Amino acid sequence: MFDKKEIDIIKREKNKWQKEIYSKHIKNHTERKKKFENLSANEIKNLYTPADIFHLDYLKDIGFPGDFPFLRGIHPNMYRGKLWTFRMFSGFGSAEETNLRYKYLLKHGETGLSVAFDYPTLYGYDTDHPLSRGEFGKCGVAISSLKDMEILFKDIPINKVTTSMTINGPAAIVWGFYIANAENRSIDRRIIGGTIQNDILKEYIAQKSWIFPPEPSMRLIVDTFEFGFKEIPGWNTISISGYHIREAGSTALQELAFTIGNGVEYVKWAMKRGLNIDDFAPRLSFFFNAHNDFFEEIAKYRAARRIWANELKKLGAKKPRSLFMRFHTQTAGVSLTSQQPEINISRVTLQALAAILGGTQSLHTNSMDEALALPSEKAARIALRTQQIIAEESGVTSTVDPLGGSYYIEWLTDKMVKETYDYWDKVERFGGVLPAIEKGFYQREIANAAYKYQKEIEEKKRIIVSVNDYKMDELIEIPILKMDEKGEERQINRLKKLRKDRNQAKYERNIKKLRKAAEGNENLMPYILDCVHSYATLGETCQVLRDVFGEYVEPTIY
Amino acid sequence: MERKIRVLIAKPGLDGHDRGAKVVARALRDAGMEVVYTGLHQTAEMIIEAAIQEDVDVVGLSLLSGAHMTLFIDVARLMQEKGLGDVLIVGGGIVPEGDIPKLKKEGIKGVFGPGTHCDVIVDFIKKNVKR
């Protein structure tokens with residue numbers, strides 16, 4: 001990007017400045033730390049200059065937004081055109097309660113929906129399963145059947161608003177509920193839009209809500225890819241997620257490297273099935289965390305786009321839409337403090353700003369009370385307002401990739417790209433992604449990083465306001481969400497009634513057909529949809545697949 | 001030689017959030033205790049069986065999902081029933097302030113929220129362990 005001679009002069013002058021001005025200055029103005037590091041333990045220099053990014057080729061490595069390698073953004077005009085989607089992850093208690101919360105958020109300017117499911121749903125159990133005990137509606141909404149899905153989206157225009165669903169093990173079935181609900185409302189399934197998370201690899205690695213072993217899980221995922229581009233073309237059939245890897249304690253770099261590595265793995269599996277990369281790749285989407293280190297996060301998103309574009313090109317993709325990485329961001333739940341919870345609003349603001357400066361397509365901002373309980377209505381509204389303030393008041397949306405060209409940001413972006421490839425070499429030495437999971441590589445890496453981070457906080461090498469410094473005695477006065485105590489009972493009664501009222505013969509026929517198809521090689525989506533339409537519950541449908549596929553058992557590492 | 005304090009760190013229920021459990025397990029180990037981690041998805045019965053088998057002095061329960069009022073209490077009651085009343089039970093995770101008195105009454109002697117210094121947990125265990 002710079003003339004070689006010019007760079008030599010800059011280098012020489014920088015050395016001179018370092019010796020004559022900087023060093024002298026810090027003799028009298030001692031620096032706060034001996035070494036400045038970001039969250040991935042990279043040492044950060046006092047100053048970056050053109051010499052730090054001399055090796056970059058602007059057109060090849062950085063380029064223009066909306067053009068290869070998309071580092072500066074996937075659209076030519078980014079937020080000058082359409083803002084990111086304000087998509088608040090939410091769900092609790094029963095479908096009725098969550099339906100009201102969705103309407104509340106939409107009324108206050110939310111532009112996309114995002115469903116949080118409770119643990120039984122995530123594991124493919126109905127609310128009345130013994131293992132569901134105590135978990136009803138706790139971490140999200142309980143959805144056991146098409147009936148519940150109908151209630152969840154009652155009076156919500158699912159022909160207009162898009163919905164993201166954080167569901168993995170039983171993603172195909174829950175997606176089936178959503179599609180069937182649209183069909184029953186006479187909405188053409190070809191026009192509905194949204195996302196299923198459907199990313200099993202990061203479940204084994206970090207989030208731990210798996211059901212089946214890797215092979216059949218990957219088959220189900222490729223089934224959804226294929227069914228998706230043929231039948232539900234507006235749907236993102238996967239959201240390849242770094243968020244949970246990060247929440248489990250990884251560094252930004254690990255999040256980046258493991259997530260895109262997983263993305264490439266999915267592409268390879270789909271290609272192995274014989275799918276054309278330019279058919280399914282445009283529907284692959286991503287999901288990242290926005291943690292505390294502002295610039296590192298921004299560099300991470302930019303690096304991600306560059307790596308993905310290059311890798312997809314290598315794999316043979318030609319359409320721009322296959323090459324550019326679209327992603328959702330959520331601010332870091334793990335960074336929230338239960339002490340002085342109101343200050344989480346400030347943390348979330350910074351994290352959200354990083355996501356936007358990093359070019360996110362969609363954003364969830366955490367509520368201040370989430371280290372205490374699920375968000376109250378008011379806390380969720382304030383979190384949504386935070387996005388609206390950034391969008392409408394801050395001016396950061398006026399130009400594309402405003403930090404592009406910053407010596408520091410470009411240096412860090414490039415460094416994260418390189419270090420991602422170093423991580424991939426390590427994974428290759430285990431024989432690839434699945435063997436690395438089975439041998440506990442990722443789990444160990446994450447556990448080590450999590451422990452190191454905790455130690456740094458305890459040793460005060462890292463300050464967390466309200467936790468290890470700036471503490472105070474306080475009476476926590478924010479309201480805590482209370483759920484309808486009758487929700488669980490209502491749900492169980494609804495399940496009982498559903499099992500009694502449905503056409504039993506039709507249900508049994510469809511379940512039997514699904515079992516047979518699962519034992520073979522056909523795409524399971526049409527069979528799952530038939531089961532769903534005949535009001536087979538989530539647990540019943542999943543049980544068929546559990547019988548055929550078996551269940552995953554993880555290696556335990558800490 | 002003095003017997004090391006033996007601790008079982010357990011994840012009851014379906015919750016998969018295990019960062020906290022693993023960090024605490026390692027911190028207790030570094031503090032000289034012998035630590036067994038159950039892994040995920042344990043029923044109360046499985047936890048009690050592991051506690052007996054491993055002959056532990058302490059059971060540490062971890063939950064983020066919000067199911068603590070059911071699952072922590074299930075474990076505490078079953079431990080009483082099975083004659084493990086002298087085993088110290090502690091818990092951690094996303095637990096609203098208001099839930100803590102009831103948990104303590106049920107026998108979960110220490111409840112630790114996010115941001116707790118691991119030394120606080122170590123000290124608490126050392127002070128309160130009975131056997």
Side-chain angles (χ1 to χ4, degrees), chain A residues 92 118-123 125 130-140 203 206-210 244 247-250 333-334 336-339 369-374 443 446-448 450-455 457-458 464 466-468 471 475-476 480-481 483 553-558, chain B residues 9-31 35-46 62-75 92-100 111-122:
Chain A
F92 59 90
D118 73 351
Y119 263 104
T121 309
L122 293 176
Y123 281 96
Y125 294 122
L131 282 173
S132 304
R133 184 173 155 71
E135 296 282 3
F136 170 82
K138 284 287 169 22
C139 241
E203 295 299 326
Q207 183 166 247
K208 317 292 173 80
S209 54
W210 57 72
H244 322 86
E247 290 290 295
S250 85
V334 72
L336 301 177
T337 59
S338 60
Q339 298 82 357
D369 53 357
E370 289 190 62
L372 299 163
L374 288 191
Q443 298 92 316
I446 294 168
N448 287 341
Y451 192 56
K452 180 168 171 268
Y453 184 75
Q454 178 68 22
K455 278 271 151 207
I457 292 170
E458 298 194 346
I464 304 292
S466 82
V467 171
N468 61 0
K471 294 194 276 189
L475 190 66
I476 291 175
I480 296 292
L481 177 77
M483 291 186 225
V553 181
E554 79 152 347
T556 297
I557 288 151
Y558 71 93
Chain B
I9 297 290
K11 286 280 306 167
L14 295 173
D15 179 27
H17 295 89
D18 59 1
R19 186 184 58 85
K22 287 174 165 187
V23 165
V24 170
R26 211 191 272 199
L28 299 182
R29 196 179 63 189
D30 286 357
V35 181
V36 180
Y37 171 51
T38 60
L40 299 173
H41 310 156
Q42 305 292 303
T43 62
E45 289 77 11
M46 287 156 85
S62 168
L63 265 183
L64 178 139
S65 73
H68 48 271
M69 293 307 276
T70 309
L71 300 179
F72 282 7
I73 292 171
D74 279 356
V75 173
I94 303 293
V95 180
E97 234 7 77
D99 291 350
I100 294 175
V111 180
F112 305 99
T116 306
H117 197 297
C118 286
D119 288 352
V120 174
I121 304 173
V122 170

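Atoms considered below: every heavy atom in the structure, side chains included; atoms not considered: hydrogens, waters and symmetry mates. Chain letters run A, B, ... following the sequence lines, proteins first and then strands; every chain starts at 1. Everything numeric in this text was worked out from a predicted model, so none of it was measured.
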Student: Where does A:I476 contact chain B at under 4.5 Å (heavy atoms): side chain, backbone, both or neither?
Tutor: neither
Student: Below 4.5 Å from any heavy atom of chain B, which atoms of A:P130 appear? Answer side chain, backbone, both or neither.
Tutor: neither
Student: Measuring from atom NZ of A:K208 to atom NE2 of B:H17, what distance do you get when rounded to the nearest 0.5 angstrom?
Tutor: 11.0 Å
Student: Provide the closest heavy-atom pair for A:L131 versus B:T43 in the form atom of the first, atom of the second, distance.
Tutor: CD2-CG2, 4.0 Å
Student: Just verifying a value: how many Å separate B:L64 CG and A:C139 SG, rounded to the nearest 0.5 Å?
Tutor: 5.5 Å
Student: OG of A:S209 to NE2 of B:H41: how many Å apart, nearest 0.5 Å?
Tutor: 7.5 Å
Student: Please look at A:Y125 and chain B and tell me whether the side chain, the backbone, both or neither of the residue comes under 4.5 angstrom of a heavy atom of that chain.
Tutor: side chain
Student: Whether the side chain of A:E458 engages the backbone of B:C118 through a donor-acceptor N/O pair (distance < 3.5 Å, no angle test) should be reported.
Tutor: yes
Student: Among the options A:S466, A:S132, A:A248, A:G249, pick out the one with the most heavy-atom pairs lying under 4.5 Å from chain B.
Tutor: A:A248
Student: Under the 3.5 angstrom rule, does the side chain of A:Y119 hit a backbone N or O of B:S65 as a donor-acceptor pair?
Tutor: no
Student: Do you know which of B:A27, B:G113, B:G20, B:G93 has the most heavy-atom pairs with chain A at a distance under 4.5 angstrom?
Tutor: B:A27
Student: Please determine if B:D74 and A:R133 form a salt bridge, counting it only when a charged side-chain N lies under 4.0 Å from a carboxylate O.
Tutor: yes
Student: Counting only non-hydrogen atoms closer than 4.5 Å, does A:E203 touch chain B with its backbone (N, CA, C, O), its side chain (CB onward), both, or neither?
Tutor: neither
Student: What distance separates A:K138 NZ from B:L71 CG, expressed to the nearest 0.5 Å?
Tutor: 8.0 Å
Student: Write down the atom of B:L63, the atom of A:E135, and the distance for their closest heavy-atom approach.
Tutor: CD2-OE2, 4.4 Å
Student: Between atom CG of A:N448 and atom CZ of B:R26, what is the distance when rounded to the nearest 0.5 Å?
Tutor: 4.5 Å
Student: So which residue, A:D369, A:T337, A:L372, A:D118, ends up with the most heavy-atom pairs under 4.5 Å with chain B?
Tutor: A:L372
Student: So which heavy atom on A:Y451 is nearest to which on B:D30, and how close?
Tutor: OH-OD2, 2.5 Å
Student: Return yes if some donor-acceptor pair links the side-chain N/O of A:Q339 with the main-chain N/O of B:P114 below 3.5 Å, else return no.
Tutor: yes
Student: Quick check: do B:T70 and A:F136 have side-chain heavy atoms less than 4.5 Å from each other?
Tutor: no
